[in-house]
Amino acid sequence: MENLSIDDSALKKNIEIVQENVRKAAQSVGRNFEDITILAATKMQNVDVINRAVSYGIAYIGENRVQELMAKYDGYNKEHISIQYIGHLQVNKVKYIVDKVDMIQSVDSMKLAAQIDKYCAKLGKIMDVLIEVNIGKEENKHGVFLEDLVQFLTDITYFKHVRVRGLMTIPPICDNIEQTRQYFSSLYKEFLDIRAKKIDNIYMDFLSMGMSGDYMCAVECGANIIRIGTALFGSRKKQEE
Ligand SMILES: *Cc1c(COP(=O)(O)O)cnc(C)c1O
């Protein structure tokens, strides 16, 4: 894997391209580039590549496997980065990561919230979380359905060591970007509606949506965290071969 990972100049260039695209997309809808967080989705990337990306300006990294996060954790240059968890999190693995991450973007059940609360209470930590929304109601995906979201948010306020900061979604794979845009727009609308409700201890600061294939659209639709893997590091398939 070491030898096959992306070279320096390509990595630097990819970061610049993504930043430029985000800038353009933001400008096109009157938003500020500075308000949008580019989070590197670092699954299957080794620590060396990740640290190089950090040296070129990436400040947020997202892991989506507990084992991988733990294996890489000591090697990250942690000084100026926020490490977040973006993948499906099994309840029995919460204890391994609560001390290592600044935010869990993928809270999708009350059981998971309870477990995060339990272990963060022990640490004296309040964990920032996003609620993962299954916007397309797909059977093979995790996440809360849109129509259950307000009840979910109301219930989760019970946990004092969990602080909801917003929403995250992975939309269904669509044939064209306009379909994707509808999913993004409907979640943005919900995001604003919830914010307007001012539920106690529920903050709607972050809307995490958009990946390599659709992040410009997501920015146009109101995302302020985009999670980018392939567009930064190249195809994961190629690196596996
Ligand atoms: C891998 C991954 C991404 C990034 O995917 P790309 O298409 O490679 O940009 C974003 N979010 C999550 C949850 C991921 O697992």
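By convention here, the first residue in the shown sequence is residue 1. Atoms within a ligand are numbered from 1 in the order they appear, just like the ligands themselves.
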T180 and D214 side chains, donor-acceptor separation under 3.5 Å:
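There is no such pair between these side chains.
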- [ ] From the options K24, R23, Q27, R31, select the one residue that forms a side-chain contact (heavy atoms from CB on, under 4.5 Å) with V219.
- [x]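 One option only clears the test, and that one is R31.
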Original post:
Below 4.0 angstrom, N of the basic side chain to O of the carboxylate: do D193 and K197 qualify?
Top reply: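 No, no charged N to carboxylate O under 4.0 Å.
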Check your understanding: Stepwise, does the salt bridge (Lys or Arg N to Asp or Glu O under 4.0 Å) test hold for E132 with K141?
Key -> CA-CA 10 Å; E132 181 166 358; K141 272 202 187 118; over 6 Å; no
- [ ] For H161, check ring-ring contact (aromatic ring centres under 6.0 Å, His included) against everything at least two apart and list the hits.
- [x]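 Result, ring-ring contact (aromatic ring centres under 6.0 Å, His included) vs H161: none returned.
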- Item | Check: K160 main-chain N/O paired with D117 side-chain donor or acceptor under 3.5 Å |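 At least one qualifying donor-acceptor pair exists.
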May I have every N or O pair linking ligand 1 to the protein at under 3.5 Å, one per line with atom names and distance?
unit_1	atom_1	unit_2	atom_2	d
ligand 1	8 (O)	T230	N	2.8
ligand 1	8 (O)	T230	OG1	2.5
ligand 1	8 (O)	R236	NH1	2.8
ligand 1	8 (O)	R236	NH2	3.2
ligand 1	9 (O)	S212	N	3.0
ligand 1	9 (O)	S212	OG	2.5
ligand 1	9 (O)	G229	N	2.8
ligand 1	11 (N)	R227	NE	2.9
ligand 1	15 (O)	K43	NZ	2.6
ligand 1	15 (O)	N64	ND2	2.6

